[in-house]
Number of protein chains: 2
Amino acid sequence: MSAPLVSILDDEPEIRAILTEALEEAGFRTQSFSRAREFEAALQRVTPDVCLVDLSLPDTDGLALVHRLALERGAKVIIISGRAQVQDRVTGLELGADDYITKPFDPAEVVARIRARLRAGRAAPQSGQTARFNGWTAHFDRYVLEDDSGAETPFSHAEGEVLRLFLDSPKRLISRAQMQDALGGAAGESFDRAMDVRISRLRTKLREDPKNPRLIKTIYGAGYIFLGDVGWG
Amino acid sequence: MSAPLVSILDDEPEIRAILTEALEEAGFRTQSFSRAREFEAALQRVTPDVCLVDLSLPDTDGLALVHRLALERGAKVIIISGRAQVQDRVTGLELGADDYITKPFDPAEVVARIRARLRAGRAAPQSGQTARFNGWTAHFDRYVLEDDSGAETPFSHAEGEVLRLFLDSPKRLISRAQMQDALGGAAGESFDRAMDVRISRLRTKLREDPKNPRLIKTIYGAGYIFLGDVGWG
DNA sequence: ACCCCTTTGTAACAATTCGTAAGGTTTGGG
DNA sequence: CCCAAACCTTACGAATTGTTACAAAGGGGT
């Protein structure tokens with residue numbers, strides 16, 4: 001599966017350059033155009049995963065273009081515009097745009113919003129979620145841990161919560177208070193022990209050596225650290 | 001088909017009032033909460049089409065809540081926050097939010113952005129007659145399940161209700177309370193067991209391995225998840 | 001009306017999950 | 001080196017869920 005393709009349509013060369021650089025660094029394939037005509041010609045060939053469209057184009061009515069793109073072709077469209085009035089944003093969104101970003105913008109936010117659109121597009125918003133780390137593959141949709149040899153070990157919901165928390169913040173200290181919050185536990189003396197048990201059970205399934213844990217490390221008096229090179233997908 | 005349901009979670013009464021009024025005028029059903037705990041309790045019963053969540057909540061870490069909502073439950077989340085830094089927006093979106101609106105906001109834009117989410121989602125319940133999933137074809141007009149080899153197994157009305165509920169929301173957690181609602185069961189001690197039996201019988205017809213169900217997964221204390229790539233038609 | 005079959009809820013028992021308690025082990029300061 | 005606090009692990013039990021057996025309810029054909 002190749003990287004998502006993002007099309008950029010903007011008449012300012014500088015904007016195109018900034019966006020192209022930020023998007024390629026973020027791992028997207030890009031394609032940029034200065035005129036609507038070229039852009040629509042390219043659409044005959046490929047359908048981009050997301051289109052970034054500037055409204056103030058010299059050779060066409062931007063809103064009409066957005067409308068055609070979004071409602072007729074079903075493309076995901078993010079408007080990038082210098083017009084910042086609420087009314088502009090509302091009409092842009094009502095016409096079918098998926099998002100509306102005003103100039104000046106921060107490239108990082110553009111990337112984040114593109115990712116949000118891609119995520120939403122998937123049939124299964126929350127799952128198909130798998131993470132690889134150090135020979136293991138965690139399938140959160142099936143609640144299964146897969147060995148590097150392909151052997152599978154099921155894990156429970158409670159164990160999954162802990163594992164997900166770790167995989168979201170690898171190589172970073174996670175305090176017990178943070179866990180308590182993330183795992184929805186009521187603050188209390190007793191919940192500490194419950195968390196211990198959850199972690200203990202997770203360690204067992206990850207076949208950790210109690211004497212020498214390689215993945216889930218305890219930091220005495222501070223919390224835990226999950227070591228492991230995590231890749232989501 | 002009833003109006004989409006929007007849940008509002010914000011600790012400021014005035015904000016809740018403004019949003020509620022604007023949304024109801026726009027034709028949505030609304031439901032608002034001041035505390036995360038109440039909000040999560042309500043989620044046991046219904047899954048809103050869109051959740052508007054304020055990050056600065058007194059009783060929990062808002063970001064962790066968003067993460068749980070978006071990634072684990074597959075809900076559509078729009079963050080409404082007073083924090084306007086780019087970094088805040090990026091982390092909010094990366095954690096799974098579908099959109100990020102900063103205060104002060106214009107209610108009209110909020111409505112437009114909610115509509116954009118609903119349009120993109122289109123997870124609306126299907127009313128088609130047949131659905132394909134993982135080698136099976138369900139014919140709701142004939143009350144028959146068709147094998148990938150063409151062999152047919154009849155299913156009853158009660159089993160069909162459960163199956164349709166699953167097929168309408170694949171790969172998403174469905175709580176028992178939601179089922180009870182959808183299947184018209186009175187909330188009571190005894191109906192719980194009846195649902196278990198319905199699911200057990202459906203599992204049998206889908207030839208699920210009791211030890212390792214591949215399609216209907218139980219999440220202890222939370223509900224069920226139907227895994228399967230569903231295509232209607 | 002009678003019989004037989006299907007459907008579906010209820011009851012009873014088995015299996016699983018997960019927090020709690022209890023006892024053991026490790027850590028780090030004095 | 002000693003001790004208290006922090007942490008790990010095991011066992012147990014309450015709650016949750018699965019499965020089977022059974023009975024009530026309904027439908028069609030004779």
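Just so we're clear, the structure is a prediction, and the values are computed from it rather than from any experiment.
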Quiz prompt | Cation-pi geometry met for A:Arg164 and A:Phe140 (6.0 Å, 45°) | solution = yes

Under 3.5 Å, sequence neighbours excluded: what are the donor-acceptor pairs made by side chains of residues 14-24 of chain B?
from	atom 1	to	atom 2	distance (Å)
B:Arg16	NH1	B:Asp10	O	2.8
B:Thr20	OG1	B:Arg16	O	2.7
B:Glu24	OE2	B:Thr30	OG1	2.8

Exercise. Sequence neighbours left out, what passes ring pair (Phe, Tyr, Trp, His ring centres under 6.0 Å) with B:Tyr143? Give chain and number order.
Key: B:Phe155

Quiz item: Can you check whether B:Arg201 has a side-chain N or O nearer than 4.0 Å to OP1 or OP2 of C:dT8?
Solution: no

Quiz item: Among all residues two or more places apart in sequence or in another chain, which pass the side-chain contact (heavy atoms from CB on, under 4.5 Å) test with A:Arg176?
Solution: A:Asp192, A:Arg193, A:Met195, A:Asp196, A:Tyr224

Quiz item: Once you round it to whole Å, what is the distance between C1' of C:dG19 and CG of A:Asp192?
Solution: 13 Å

N/O to N/O distances under 3.5 Å, protein versus nucleotides 27-30 of chain C:
from	atom 1	to	atom 2	distance (Å)
C:dT27	O2	A:Tyr220	OH	3.2

Quiz prompt | Most 5' of B:Val197 and B:Phe155 on DNA chain C, judged by nearest nucleotide | solution = B:Phe155

Self-check item: For A:Glu146, all residues meeting side-chain contact (heavy atoms from CB on, under 4.5 Å), sequence neighbours excluded
Solution: A:Thr137, A:His139, A:Glu152

Practice problem: To the nearest Å, give me how far apart CZ (B:Arg198) and P (C:dT6) are. | Solution: 19 Å

Quiz prompt | Boundaries of the chain A footprint along DNA chain D (any atom under 4.0 Å from a heavy atom) | solution = D:dA5 to D:dA11

Practice problem: Scan residues 209-221 of chain A for pairs that pass side chain to side chain donor-acceptor pair (under 3.5 Å), counting only residues two or more places apart or in two chains. | Solution: A:Arg203-A:Thr218

Quiz prompt | Contacts of type side-chain contact (heavy atoms from CB on, under 4.5 Å), residue A:Ala222, not counting sequence neighbours | solution = A:Leu173, A:Ile219

Quiz item: With sugar-phosphate meaning primed atoms plus P, OP1 and OP2, does B:Tyr224 contact a base, only sugar-phosphate, or nothing at under 4.0 Å between heavy atoms?
Solution: sugar-phosphate

Practice problem: Nearest whole angstrom, please: distance from the P of C:dG9 to the CD of B:Glu159. | Solution: 10 Å

Quiz item: For residues 218-233 of chain A, which residue pairs qualify under salt bridge (Lys or Arg N to Asp or Glu O under 4.0 Å), counting only residues two or more places apart or in two chains?
Solution: A:Lys171-A:Asp229

Quiz item: Under the side-chain contact (heavy atoms from CB on, under 4.5 Å) test, which residues partner B:Val86, sequence neighbours left out?
Solution: A:Asp106, A:Glu109, B:Arg89, B:Val90

Quiz item: Does the B:Glu208 side chain pair with the main chain of B:Leu215, one donor and one acceptor, at a distance under 3.5 Å?
Solution: yes

Self-check item: Contacts of type salt bridge (Lys or Arg N to Asp or Glu O under 4.0 Å), residue A:Arg201, not counting sequence neighbours
Solution: none

Quiz prompt | For atom CZ of B:Arg176 and atom P of C:dT17, their distance in whole Å | solution = 15 Å

Exercise. Could you check which residues of residues 203-216 of chain A get a heavy atom under 4.0 Å from DNA chain C? Sort them by number, please.
Key: A:Lys211

